[in-house]
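All values below come from the heavy atoms of this structure, side chains included, with hydrogens, waters and symmetry mates left out. First the proteins, then the strands, lettered A, B, ... as listed; each starts at 1.
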Amino acid sequence: MTKEFIRSIKGTQDILPDQSQRWQALETTIRNTMDTYGYGEIRTPAFERTELFASVGEGTDIVSKEMYSWTDQGGENLTLKPELTAPVVRSFIQNNLGGQSPMNKLYYIDALFRRERPQKGRYRQFHQFGIEAFGSEHPEMDAEVIALALAVFNDIGLEGLTLKLNSIGSSECRSNYRNTLRDFLKPHINDLSETSQNRFENNPLRILDTKAPHEIEILKNAPNISDSWTAEDKAHFEEVCFLLDTLGIQYSLASNLVRGLDYYTRTTFEITSTALGAQDAICGGGRYDGLVETLGGKPTPGIGFAAGMERILLALGDDDSSGNPTQVYIVGLGDGARPSVAKLAEDLRQNNIRTDFDPLRRSIKAQMREANKSGATIAVIIGDKELESGQAEIKDLKTGDQEPVKIKALVDHINSLTL
RNA sequence: GUGGGUGUAGCUCAGCUGGUUAGAGCACCUGGUUGUGGCCCAGGAGGCCGUGGGUUCAAGUCCCAUCACUCACCCCA
């Protein structure tokens, strides 16, 4: 590698043609499924005002230390979007979508930016697809959102998934629970890690998320958030569960499942894959009934999820689904044949036949090798002899059979073949 | 931000306790017919052994630093 070469940014990656096939397949599946479930695509800008994200997740790592933020030449504080719910909600409010229809179902496929230390399944520029459904506070909406996520994964062929489900209740439920949890943890506070001690004040629910064994041990006897649910929270969650049962969707209850962003209410869920490393969450989401209002819109319930595309492709593993191979390879010989080769290639391509030829002016042997490698079913050979006789040679690359065909009739002839 | 691992040809890697022209497989190129692929055979191109310093008669091999990649912590999709 040349010393002075300018490399890509850490944690970003180029998607080369062999990989882009897989991305396209995933994107197509997503779009088809979204269409079936009645979701329309929304595309928001790559960057937003920094305050938009700050107002949504002050206490989170994503917002507090992972954002790519800068001040532009006009003095505006801007940020490359690190998550998509806030921008979509912003757009929902700004375009008054709620005023046009009581129900809005949106999906996106987009690139996000977080300055984390890269590792397997975690990159600084990464991609998510996701949905946001605005308008319904009812459990059937929750169930649909979860079913939709699973439908996409099923269609793409992902296996080994686990759906974890929880309800973190309404805001009054959580403030009650915060207190009972603090009361419970107080005697153990000196046994907690430094970060957990910090969270004890700002966001004690996050302590539930810990991976430290001794903290998990302490938390075993912690009060469950379900004890703090209001009657409505409980009824909502039970109905969500009942609906999932009805839809034949399996899930496990995870009372310690707290999502990363601050704005969630009631239903939260996460889908993990056994095919990944430490970063095994493929999809995370939940309800955020207060967010639209927080960001300055009319009170509107909402629920959504986001799924990591890199992680999905990682979990799918390497299947060598090579794209569509060349169908016809034209072998040209000599200066005189060049215009005929170019014209034939163009005519065939205009007929939607995947055609290629050798622009390197190599020997016939090299060109035949190339034809073979390209996966073409037939090779067309045009040289001085053929120009003179007006007949090109068509070689079937499977059988090796070769026959002359009038150059003028080539396009029609090839069209009549099954390639 | 904190740890661990790894950096040798385009790719995957070998190179024993430091020793002379740095290897293999795959890929690539050329040839084996004067205008015909796959298989086979022969040949070829391609590496300042990540970078910088040090130890030594001698360093891809040892030491230090640095950078990059990677996995994990953390965090999360």
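In terms of phosphate contacts, A:Lys10 brings no side-chain nitrogen or oxygen within less than 4.0 Å of OP1 or OP2 of B:U70. Contact check, A:Gln119 against B:A72: a side-chain N or O comes under 4.0 Å of OP1 or OP2. For A:Arg206 and B:C76, the shortest distance from a side-chain N or O to OP1 or OP2 is below 4.0 Å. The shortest distance between the side-chain N/O atoms of A:Arg115 and the OP1/OP2 oxygens of B:C75 is not below 4.0 Å. Phosphate proximity of B:G38 to A:Arg369: present, with a side-chain N or O under 4.0 Å from OP1 or OP2. For the pair A:Gln367 and B:G37, the criterion of a side-chain N or O lying under 4.0 Å from OP1 or OP2 is not met.
The main-chain N or O of A:Ser170 is found under 3.5 Å from a side-chain atom of A:Asp233 such that the two form a donor-acceptor pair. Put simply, the side chain of A:Asp358 never gets that close to the backbone of A:Gln367: no donor and acceptor are under 3.5 Å apart. Put simply, the side chain of A:Arg338 never gets that close to the backbone of A:Gly332: no donor and acceptor are under 3.5 Å apart.
Taking every side-chain heavy atom of A:Asn372 into account, B:G38 is the closest of B:A77, B:C73, B:G38. Distances were taken from every side-chain heavy atom of A:Glu370 (C-beta onward) to each of B:G35, B:C75, B:C29; the shortest belongs to B:C29. Side chain of A:Ala366, nearest nucleotide from B:C75, B:U30, B:U36: B:U30. The side chain of A:Ala278 lies closest to B:C73 when the candidates are B:C71, B:G35, B:C73. Which of B:C75, B:C29, B:G3 sits closest to the side chain of A:Arg199 comes down to B:C75. Out of B:A77, B:U30, B:C73, the shortest distance to the side chain of A:Glu116 is found at B:A77.
A:Ala306 comes within 4.0 angstrom of sugar-phosphate atoms only, judged by non-hydrogen atoms across all strands, and of no base. Within the nucleic acid shown, A:Tyr329 has no heavy atom closer than 4.0 Å to any nucleic acid atom. Residue A:Gly277 is classed as a sugar-phosphate contact, given heavy-atom separations below 4.0 Å to backbone atoms only. Counting any heavy atom pair closer than 4.0 Å across all strands shown, A:Lys395 reaches a base atom. At a threshold of 4.0 angstrom between heavy atoms, the contacts of A:Leu397 include nucleobase atoms, whether or not backbone atoms are also involved. Across all strands, A:Gly334 comes closer than 4.0 Å to no nucleic acid atom at all (heavy-atom distances).
B:C74 and B:C29 are spaced 49 Å apart, taking the P atom of each and rounding to whole Å. The gap from the C1' atom of B:C49 to that of B:U61 amounts to 10 Å, rounded to the nearest Å. Spacing of P atoms, B:U30 relative to B:G35, comes out at 15 Å, to the nearest Å. If you take atom C1' in B:G52 and the same atom in B:G15, they sit 24 Å apart, rounded to whole Å. Atom C1' of B:G23 sits at a distance of 22 Å from the matching atom of B:C62, rounded to the whole Å. The same atom, C1', is picked in B:U33 and in B:C41; the two are 16 Å apart, to the nearest Å. Distance noted for atom C1' between B:G7 and B:G60: 12 Å (whole Å). Spacing between B:C26 and B:A68 at atom C1', rounded to whole Å, works out to 26 Å.
Nucleotide B:A24 forms a pair with B:U12, judged by Watson-Crick or G-U wobble geometry with both contacts under 3.5 Å. Across all strands shown, B:U6 forms a Watson-Crick or G-U wobble pair, both distances under 3.5 Å, with B:A68. Base pairing of B:G35: no nucleotide in any strand meets the Watson-Crick or G-U wobble criterion (both distances under 3.5 Å). B:C73: Watson-Crick or G-U partner is B:G1, with both key distances under 3.5 Å.
For A:Thr399 and A:Leu276, each mapped to the nucleotide of RNA chain B holding its nearest heavy atom, the one lying further toward the 5' end belongs to A:Thr399. In terms of position along RNA chain B, the nucleotide closest to A:Pro118 lies nearer the 5' end than the nucleotide closest to the other residue of the pair A:Pro118 and A:Gly121.
For A:Glu393 against B:U36, no side-chain N or O and base N or O form a donor-acceptor pair under 3.5 Å. The base of B:C73 does not come close enough to the side chain of A:Arg117 for any donor and acceptor atom to sit less than 3.5 Å apart. Put simply, the side chain of A:Lys365 and the base of B:G35 share no donor and acceptor less than 3.5 Å apart.
Between A:Trp229 and A:Phe237, the ring planes lie tilted relative to each other; the angle falls in the 30° to 60° range. Between A:Phe269 and A:Phe305, the angle of the ring planes goes over 60°, which puts this pair in the perpendicular group of the 30/60° scheme.
The distance from atom CD of A:Gln402 to atom P of B:U36 is 10 Å, rounded to the nearest whole Å. The CD-P distance, from A:Gln13 to B:A68, rounds to 17 Å in whole Å. Separating the CZ atom of A:Arg114 from the P atom of B:C76 is a distance of 8 Å, rounded to the nearest angstrom. If you take CG of A:Asp14 and C1' of B:C69, they are 15 Å apart, rounded to a whole angstrom. Summarising the geometry, the separation between CD1 on A:Ile394 and C1' on B:U36 is reported as 15 Å, rounded to the nearest angstrom. Between the CZ atom of A:Arg362 and the C1' atom of B:C28 there is a distance of 10 Å, given to the nearest Å. Rounded to whole Å, the distance from CZ on A:Phe305 to C1' on B:C76 is 16 Å. A:Lys385 has its NZ atom 6 Å from the C1' atom of B:G35, to the nearest Å.
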Problem set entry | Evaluation steps, ring-ring contact (aromatic ring centres under 6.0 Å, His included), between A:His127 and A:Tyr123 | CA-CA 9 Å; A:His127 299 79; A:Tyr123 310 99; 9.5 Å; no
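Salt bridge present: A:Arg43 and A:Glu41 bring a charged side-chain N and a carboxylate O closer than 4.0 Å. A:Asp142 and A:Arg266 are not joined by a salt bridge, as no carboxylate oxygen comes within less than 4.0 angstrom of a charged side-chain nitrogen.
For the pairing with A:Ile93, the side-chain contact (heavy atoms from CB on, under 4.5 Å) check across A:Val89, A:Leu97, A:Asn95 returns one residue only, A:Val89.
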